[in-house]
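It should be emphasised that the depicted structure is a prediction, and the values quoted were computed from it without experimental measurement.
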Amino acid sequence: MTITMVQTTLAYKQMPAEVTDQLRQVFGWLLWGVEVALIARLIWVGGRLGWEFFRPPPGPPAAPAEVARVLVSWIFATVAWPIAGSLLMDLAL
């Protein structure tokens, strides 16, 4: 009973190949855009880290935490792309 309901649901939500190809292309562009922004942010934070090394701030430096935030954001963006793609593309199979 449940197998036929799953097959019916999947058959109902099929997307044409034209749509899935465009979604794959848009996801690729978005991922590249996010990665370019994160690379630029990492370069900025690296420069700030060098600046703080030679001219220490009065409190604890914020740059090491920012490096960690950029790297964690990068991991999330890289992991989110296959998950979103699989959720949308599996419906087309």
Show the atom names and distances, to 0.1 Å, of all donor-acceptor pairs under 3.5 Å that link a side chain in residues 30-42 to residues at least two apart or in another chain.
unit_1	atom_1	unit_2	atom_2	d
Arg41	NH2	Glu66	OE1	3.0

Using the side-chain contact (heavy atoms from CB on, under 4.5 Å) criterion, which residues pair with Glu52? Sequence neighbours excluded.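 Only Arg48, Pro57, Pro61, Ala63 meet the side-chain contact (heavy atoms from CB on, under 4.5 Å) criterion with Glu52.
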Is there a path of hydrophobic side-chain contacts, each under 4.5 Å between heavy atoms of I, L, V, M, F, W or Y residues, that connects Trp51 with Trp44?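 The answer is no; the residues belong to distinct hydrophobic clusters.
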Which other residues end up in the same hydrophobic cluster as Val72, if Ile, Leu, Val, Met, Phe, Trp and Tyr are linked when side-chain heavy atoms come under 4.5 Å apart?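 Cluster partners of Val72: Phe76.
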